[in-house]
Amino acid sequence: MKKTVSFLVSGRGSNFVAVAKKIIAGEIKANLGVVISNKKKALALEKAKDLKMASHYIENNNFSKREEHEEKISEILDNHKTDLVVAAGYMRILSPFFIKKYSNRIINIHPALLPSFPGVNAQKQALDYGVKVAGCTTHFVDEGVDSGPIIMQKVVEVQNSDTTDSLAEKILAEEHLILTESVRLFCEGRLTVKGRKVIIS
Ligand code: GRF
């Protein structure tokens with residue numbers, strides 16, 4: 001049976017669109033669920049409309065507790081029969097309640113080669129550190145910050161001339177590739193989590 005993929009977003013939404021387009025094209029055999037943003041002005045919401053996808057805006061500031069915000073989110077995800085949650089540029093840390101509920105069913109994309117440079121401004125952290133290669137990582141979300149079992153990684157070379165923007169642009173192209181591939185593998189039932197390792201069959 002086809003799995004249903006939903007998205008948590010906060011901004012531009014290029015990763016969400018990359019995955020959604022593959023599903024629409026039938027290259028990932030899955031159903032599209034819903035797009036949920038915690039930011040009203042997220043461009044991703046416009047893009048969801050363009051793709052004729054269901055979308056919701058749920059402002060986190062309207063809830064006194066993180067869990068309450070996420071209960072509302074999970075209600076909507078469940079209404080859409082979500083199997084996989086893709087955190088595609090969702091700029092909030094998820095609570096243990098949410099992570100337990102969707103255990104090994106939340107995939108995050110991070111613009112660095114984890115475990116190096118977790119958290120925000122990863123590309124700038126990498127550049128400031130002076131690395132010669134950078135990249136991106138997809139992983140299942142656990143209770144830490146960008147610390148869950150790694151699914152895929154892609155490397156890009158850092159040139160002397162790179163700025164944070166040029167590096168972010170190079171990494172973003174690779175993010176779209178590994179995120180779509182990771183979602184495809186999940187939807188085909190080919191990812192198994194064994195401790196810290198994700199076995200791809
Ligand atoms: C990406 O770089 C992603 O890795 C990070 O936030 C950015 C989101 O970009 N978590 P977009 O909204 O998918 O275009």
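Values reported hereafter were calculated over all heavy atoms of this structure, with side chains retained and with hydrogens, waters and symmetry mates removed.
- A salt bridge between Lys100 and Glu143 is present, with a side-chain N of the basic residue lying under 4.0 Å from a carboxylate O of the acidic one.
- The environment of Lys22 atom NZ is sparse: at most 12 non-hydrogen atoms of other residues, nucleotides or ligands sit within 6.0 angstrom.
- Summarising the geometry of Ser182 relative to Ile107, their closest heavy-atom pair is O-CD1, 4.1 Å, with the distance given to 0.1 Å.
- Annotation: the span from Asp50 atom CG to Glu46 atom CD amounts to 7.0 Å, rounded to 0.5 Å.
- Judged by distance alone, with hydrogens and angles left aside, the side-chain atoms of Gln153 form a donor-acceptor pair with the main-chain N or O of Leu114 at under 3.5 Å.
- In this structure, Tyr129 places its OH atom where only 12 or fewer heavy-atom neighbours from other residues, nucleotides or ligands lie under 6.0 Å away.
- Taken together through direct or relayed side-chain contacts under 4.5 Å among Ile, Leu, Val, Met, Phe, Trp and Tyr, Leu84 and Ile36 form parts of separate hydrophobic clusters.
- The environment of Lys72 atom NZ is sparse: at most 12 non-hydrogen atoms of other residues, nucleotides or ligands sit within 6.0 angstrom.
- Summarising the local packing, CD of Glu169 is surrounded by 12 or fewer heavy atoms from other residues, nucleotides or ligands at distances under 6.0 Å.
- Glu59 CD: more than 12 foreign heavy atoms inside a 6.0 Å radius.
- Atom CG of Leu191 and atom CZ of Arg105 lie 14.0 Å apart (nearest 0.5 Å).
- For Leu177, the CG atom is densely surrounded, since the number of other residues' heavy atoms within 6.0 Å is greater than 12.
- In this structure, the separation between CZ on Phe186 and OG1 on Thr138 is 12.5 Å, given to the nearest 0.5 Å.
- Using cut-offs of 30° and 60° on the angle between ring planes, the pair Phe63 and His69 is tilted.
- A side-chain donor-acceptor contact under 3.5 Å links Arg196 to the backbone of Gly148.
- Each of Phe7 and Val34 belongs to its own hydrophobic cluster when Ile, Leu, Val, Met, Phe, Trp and Tyr are linked at side-chain heavy-atom distances under 4.5 angstrom.
- In this structure, Ala48 and Ser55 approach most closely via the heavy-atom pair CB-CB, 3.9 Å.
- Distance check, rounded to the nearest 0.5 Å: CZ of Phe117 to OG1 of Thr137 gives 11.5 Å.
- Between the side chains of Ser14 and His176, at least one donor N or O sits under 3.5 Å from an acceptor N or O.
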